[in-house]
Amino acid sequence: MDQTSNQTTAAYIMGKKRKNDRDLPERWTRTQYGKIYYRVPKGLENKFENKQYFKLGDSVSEAFKVWASLIDVCELSTMSTVFDRYLQDVVPNKAKATQSSDIRAIGMLRPVFGSMPPCYIKPKHIYKYRDYRSQNASTVASRELAVLSHVFTKAIEWGVLEIHPMTDKKVVKHSKKDRDRYIQDWELEEFLGHCSPLLFWYIQLKLLTGARKGAIALIRVDDIRSDGLYVTENKVNKKRVYSWNDELIDIIRQILNLHEVKSEWLFCTKEGGCLYRDGVSPALSSAWRRAMKKAKDAGVLKESFTEHDIRAKAASDATEDHALKLTGHTTRNTLRKIYRRKAEVIEPRRLKI
């Protein structure tokens with residue numbers, strides 16, 4: 001396929017994109033501070049307090065709750081309206097990190113499928129989307145397709161569809177190899193030498209607890225109690241208590257010593273605010289990128305690893321029973337497939353000569 005054909009295919013699949021706020025419904029806009037406004041059509045100002053721009057909320061999830069009280073999405077004639085109802089009814093009930101991920105996914109799906117009636121979408125359209133998106137972002141494509149699949153499931157529940165276009169043995173998700181990167185002890189030691197104090201102690205706490213980023217970043221000072229460190233895993237809706245040992249006590253003290261102002265959060269900004277909002281933590285992410293660049297520029301690391309690999313290392317270095325508790329997973333299959341990355345040591349057989 002020549003370059004012109006590639007451009008034509010891309011334009012057909014992806015559709016015309018909004019320049020800004022692609023994750024938001026039509027006529028919604030986001031300010032530089034993250035607040036969401038609705039650009040009121042002419043003639044409807046009286047229904048929106050006679051304002052040209054009506055504030056919906058300080059975050060996307062809050063905006064959809066307000067929108068639900070104003071507009072009843074009853075005619076789901078296009079995928080765009082189905083996406084809107086999904087964002088309105090389903091997404092706010094998910095964990096913060098999942099909410100952000102789903103909103104980003106729908107932001108990519110909407111320009112492609114938004115104008116199509118749900119019943120017109122066939123497996124061939126989804127295959128084409130998968131193949132195009134997987135060229136440069138296979139992991140992201142799989143997440144987007146997972147969201148799209150759940151949107152169709154809810155559409156059936158709402159009476160919009162009768163047949164799910166992504167089932168009936170039609171495999172549409174991009175198959176990807178499970179990540180198997182295991183961080184060696186020496187690699188981690190070299191990397192830690194280039195980390196900021198905040199990132200250094202964040203990694204130490206993650207190695208000790210095996211908790212997710214969202215759970216660690218949302219620990220409050222009040223969660224430090226006499227019987228242990230209380231951590232809420234919002235993704236699996238579980239509260240866990242890590243009993244005190246000398247290492248955990250020292251790590252918590254070191255993190256608290258980093259506070260420049262009084263804060264309710266264990267990990268906080270210089271102003272005392274929370275590092276984690278709407279499922280992302282720019283401060284930790286940028287600190288990670290800077291430290292990794294320094295380590296690679298210094299020549300001490302040749303191969304990068306990710307923040308997610310730290311959680312896998314915690315699970316890999318522990319016994320399997322302990323790793324189940326650290327990760328919060330209930331099945332050993334998931335644990336072994338995703339988190340147990342350390343090469344198994346096997347004693348060879350003895351041959352009789």
Side-chain angles (χ1 to χ4, degrees), residues 8-30 36-44 47-48 53-54 56-57 60-61 63-94 98-133 140-168 170 172-173:
T8 303
T9 302
Y12 169 72
I13 295 174
M14 301 307 296
K16 184 178 180 181
K17 297 180 181 179
R18 292 171 65 177
K19 291 183 179 180
N20 300 306
D21 304 325
R22 290 186 301 164
D23 58 323
L24 302 180
E26 187 178 356
R27 306 191 77 84
W28 287 31
T29 184
R30 180 188 283 108
I36 307 299
Y37 284 82
Y38 174 61
R39 183 164 51 86
V40 180
K42 291 184 178 180
L44 295 180
K47 294 184 178 181
F48 293 90
Y53 285 88
F54 182 82
L56 295 174
V60 176
S61 57
F64 273 105
K65 290 179 182 178
V66 173
W67 185 252
S69 66
L70 297 171
I71 306 295
D72 182 16
V73 184
C74 55
E75 293 188 8
L76 305 180
S77 58
T78 65
M79 280 302 296
S80 188
T81 57
V82 174
F83 286 141
D84 286 348
R85 180 164 178 180
Y86 187 84
L87 288 167
Q88 169 185 303
D89 294 355
V90 181
V91 173
N93 298 319
K94 298 185 179 183
T98 308
Q99 287 183 29
S100 298
S101 177
D102 284 4
I103 290 168
R104 287 193 297 270
I106 290 175
M108 295 302 299
L109 294 165
R110 192 189 294 273
V112 182
F113 301 105
S115 61
M116 299 177 68
C119 59
Y120 283 13
I121 298 179
K122 306 300 181 186
K124 64 179 181 180
H125 300 128
I126 303 166
Y127 277 116
K128 185 173 287 188
Y129 180 86
R130 179 204 65 182
D131 293 342
Y132 178 80
R133 288 289 288 141
V140 176
S142 292
R143 292 172 183 165
E144 292 165 3
L145 290 170
V147 172
L148 182 61
S149 178
H150 195 224
V151 169
F152 285 133
T153 298
K154 300 303 291 187
I156 293 173
E157 179 183 319
W158 297 328
V160 179
L161 282 176
E162 293 185 1
I163 299 176
H164 197 303
M166 295 175 71
T167 55
D168 193 20
K170 297 179 175 69
V172 296
K173 289 187 179 181

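Residues: numbered from 1 along the sequence shown.
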Notebook entry, point to check: Which heavy-atom pair separates Ala141 from Arg133 by the least distance, and what is that distance?
Noted result: CB-CB, 3.8 Å
Next item on the list: Would you check if the side chain of His164 reaches a backbone N or O of Ser149 as a donor-acceptor pair within less than 3.5 Å?
Entry: yes
Check: Quick one: does Phe83's side chain get under 4.5 Å of Leu148's, heavy atoms only?
Finding: yes
Check: Could you give the distance from CD1 (Ile121) to CZ (Phe152), rounded to the nearest 0.5 Å?
Finding: 4.0 Å
Item checked: Heavy-atom pair of closest approach, residues Ile103 and Val91 -> CG1-CG1, 4.4 Å
Item checked: Nearest atoms (heavy-atom pairs only) where Tyr38 meets Trp28 -> CD1-CD1, 3.7 Å
Next item on the list: To the nearest 0.5 Å, tell me how far Ile36 CD1 sits from Tyr53 OH.
Entry: 13.5 Å
Note to self: Strictly distance-based, threshold 3.5 Å: is any side-chain N or O of Arg27 a donor or acceptor partner for the main-chain N or O of Arg39?
What the structure shows: yes
Check: Within the distance-only criterion (no hydrogens, no angle test), does the side chain of Glu144 pair as donor or acceptor with the backbone N or O of Ala105 below 3.5 angstrom?
Finding: no
Note to self: Just so I know, are the side chains of His150 and Val90 near enough to count as touching, which here means a heavy-atom distance under 4.5 Å?
What the structure shows: yes
Next item on the list: Drop me the distance from Met116's CE to Thr78's OG1, to the nearest 0.5 angstrom.
Entry: 11.0 Å
Margin query: To check you understand the geometry: which heavy-atom pair defines the closest contact between Val160 and Pro118, and what is its length?
Written below: CG1-CG, 3.7 Å
Next item on the list: Give me the one residue out of Val147, Val60, Val151, Leu87 that meets side chain to side chain contact (heavy atoms under 4.5 Å, CB included) with Asp102.
Entry: Val147
Item checked: Value rounded to 0.5 Å, distance of CE in Met79 from SG in Cys119 -> 11.0 Å
Check: Closest heavy-atom contact between Met108 and Val112?
Finding: O-CG2, 3.8 Å
Note to self: Can you give me the closest heavy-atom contact between Tyr86 and Lys94, atom names plus distance?
What the structure shows: OH-NZ, 2.8 Å
Notebook entry, point to check: Which distance, rounded to the nearest 0.5 Å, do you find between the CG of Leu109 and the CD1 of Ile126?
Noted result: 10.0 Å
Margin query: Using ring-ring contact (aromatic ring centres under 6.0 Å, His included), reason through Tyr120 and His125 one step at a time and then give a plain yes or no.
Written below: CA-CA 9 Å; Tyr120 283 13; His125 300 128; 9.2 Å; no
